[in-house]
Amino acid sequence: MLWLPARCLLRPPRRPLPAPPRRGSSGPGRRWLLSTPIFYVNGPPHIGHLYSALLADALHRHRALLGPGPGRLATGTDEHGLKIQQAAAAAGTAPSELCAHVSGLFRDLFSQAAVSFTDFIRTTEPRHRRAVQCFWAALQGRGLLYKDFYEGWYCTPDECFLTEAQITERPDAQGRPCKVSLESGHQVHWTKEENYMFKLSEFQEPLRKWLQGNRHVISPEPFYQVVLRWLEEDLPDLSVSRERSRLQWGIPVPGDSTQTIYVWVDALVNYLTVAGYPDAHHAWWPAAHHVVGKDILKFHAIYWPALLMAVGLDPPEQIYVHSHWTVCGQKMSKSLGNVVDPVACFKQYTVDGFRYFLLRQGVPERDCDYYEEKVIKLVNSELADALGGLLNRCTAPSINPSGIYPHFSESCFRKGSEHMDVEASCRALAEDYELVASVDRLPFQVTDYCEHFQIYKALESVVACVRQTNGFFQRHAPWKLCRDNPAEKCWLDTVLHVTLECLRIYGILLQPVIPATADKLLSRLSIKPEERAFTDLTFLPRYHGKPCPFEGRKLGPDMGALFPRLETARRRQMEIKGLRP
Ligand code: ME8
């Protein structure tokens with residue numbers, strides 16, 4: 001009987017090389033028009049708005065990693081409607097000035113947050129006005145609009161009509177009874193006027209069929225079920241204009257100067273405007289993928305597809321829905337004074353730190369809570385310590401004095417079961433093969449999670465691998481190996497090589513979430529910009545019998561910490577004052 005070292009007995013069976021990335025709906029070569037909601041300009045942006053934009057940005061960046069297929073990301077501001085008209089009046093300013101100012105705040109925030117938008121639309125732009133008026137003409141041309149006297153409860157903050165069943169009574173700030181929307185809690189007012197109505201009721205069956213034939217069009221799945229349930233109820237016709245005497249800040253109905261187009265029809269058409277409607281949208285439509293908050297699901301999953309069907313266009317390909325951020329357990333609201341300013345968060349946690357927090361902690365299916373300690377704990381433990389610490393340890397001059405991407409030695413880290421003979425030079429243990437298997441799988445897991453709008457899970461799987469790599473490094477304690485002994489040097493270099501290879505994969509995969517930190521990491525590993533795509537994700541090529549282009553390369557010069565440890569605002573204040581916390 002042959003003598004086998006225990007570590008060889010534990011080795012897993014030979015694995016096939018990783019398959020090429022899955023070509024799903026978001027795969028390379030397909031057009032993809034991603035969008036965020038367009039945001040109201042009645043107040044400055046908060047972390048909820050930023051979250052929607054970051055989700056879309058991460059999907060957009062991840063898709064770009066898959067290949068250079070044509071993709072766009074549109075965001076922008078929703079500037080018409082009663083709500084904006086009233087906000088401008090309350091601020092004593094012209095609506096156009098309010099819009100320009102607040103729209104600029106959104107644009108600046110998204111630029112600062114590194115949101116990779118390719119278009120920023122404002123609904124006050126001429127290109128949009130033209131698109132909305134053409135869209136209206138198309139609805140009218142198909143006989144789907146009629147004029148009627150309409151009365152009902154109108155909720156200005158939500159810009160929508162509500163039925164009796166959708167409202168309730170609550171005391172206002174002075175204790176007087178007042179009617180509010182059941183869903184948003186915002187006050188409603190009784191309104192009666194002559195409006196244009198859209199024959200929404202005619203689309204109940206087509207909408208049901210569309211949803212039943214496209215089970216994955218709305219994700220996560222619980223939101224798909226919600227929409228199906230809505231479609232079991234009555235679907236009344238929709239009022240799609242307001243009297244101009246009441247609402248001047250909006251796009252007039254073509255050919256009827258007494259009416260203004262309903263702000264939601266105006267806003268939804270933005271997705272067509274950015275696609276080039278009415279002349280050039282066919283190249284992009286219906287490759288629309290909308291990221292929306294749960295509060296505006298009905299507008300996107302019922303009204304919008306029905307309006308599109310009404311003008312003879314296909315509904316969007318995908319609607320990604322996310323839940324809301326609360327702050328210290330409470331809903332964010334101006335009246336509670338707990339609205340969190342994203343720019344202040346960037347100052348406190350850095351842009352990448354806060355991007356990471358929102359995308360790692362945000363679970364689309366349920367509301368998530370923000371508070372300072374939670375951000376600091378997560379970011380310190382996962383970015384500063386686990387990832388940054390690992391990079392720091394394996395590139396430290398004391399352990400890698402030549403400062404190069406070290407060589408991998410096959411004899412120290414043998415591949416496959418055919419080598420399960422007397423191979424004393426092989427130093428790898430069963431857990432090390434598990435690490436290789438995990439990192440080999442990781443790109444596919446991450447892509448799968450991203451395609452299912454589970455960015456938090458993609459990050460969870462990266463973090464699990466980072467922890468596994470830290471375990472690998474700790475287990476083999478390369479700082480104890482002697483460079484002067486040729487056998488030990490081979491193994492020392494191999495341990496460093498494997499660790500750097502792991503970090504290279506994590507750096508590439510983290511680009512969509514923490515672009516600046518990933519760039520710093522990859523630059524330190526001396527991975528060139530053109531070597532950071534999905535096709536470069538072949539992990540540990542030398543182990544798989546292929547050449548490794550990085551071996552022997554001089555590492556990048558930046559030896560600073562990858563990510564600074566964060567401190568609470570209170571602790572920083574105390575330090576500034578010279579007090580020890
Ligand atoms: O509804 N947590 O604009 P809006 C997470 N103009 N996301 C949040 C959030 C929170 N607490 N609060 C808001 C409108 N959001 C319309 C949209 S689209 C054609 C027109 C995000 O300024 C979330 O995406 O009220 C929500 O759907 C959106 O902001 C609402 O932004």
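Both ligands and their constituent atoms are indexed starting at 1 by order of listing. Keep in mind the model is a prediction, meaning the values are calculated, not measured.
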Those residues that, when tested against Tyr150, pass ring-ring contact (aromatic ring centres under 6.0 Å, His included) (two or more places apart)
Phe161
According to the ring-ring contact (aromatic ring centres under 6.0 Å, His included) rule, which pairs have a member within residues 166-191, sequence neighbours left out?
Trp153-Trp190
Under the rule for side-chain hydrogen bond (donor to acceptor under 3.5 Å, both in side chains), what residues qualify as partners of Asp352, not counting sequence neighbours?
Thr517
Residue Asp148 excluded, over 12 heavy atoms near CG under 6.0 Å:
yes
Please tabulate, line by line, the atom pairs linking an N/O of ligand 1 to a protein N/O at a distance below 3.5 Å, with the distance in Å to 0.1, or answer 'none'.
from	atom 1	to	atom 2	distance (Å)
ligand 1	2 (N)	Trp325	N	2.9
ligand 1	6 (N)	Ile38	O	2.8
ligand 1	6 (N)	Asp78	OD2	2.7
ligand 1	7 (N)	Gly48	O	3.2
ligand 1	11 (N)	Trp325	O	3.2
ligand 1	22 (O)	Tyr40	N	2.9
ligand 1	24 (O)	Ser52	OG	2.6
ligand 1	24 (O)	Gly293	N	3.3
ligand 1	24 (O)	His322	NE2	3.3
ligand 1	27 (O)	Gly293	N	3.1
ligand 1	27 (O)	Asp295	OD1	2.8
ligand 1	27 (O)	Asp295	OD2	3.4

Check whether the ring centres of His300 and Phe223 lie less than 6.0 Å apart, and answer yes or no.
no
salt_bridge(Glu79, Arg122) N-O dist < 4.0 Å
yes
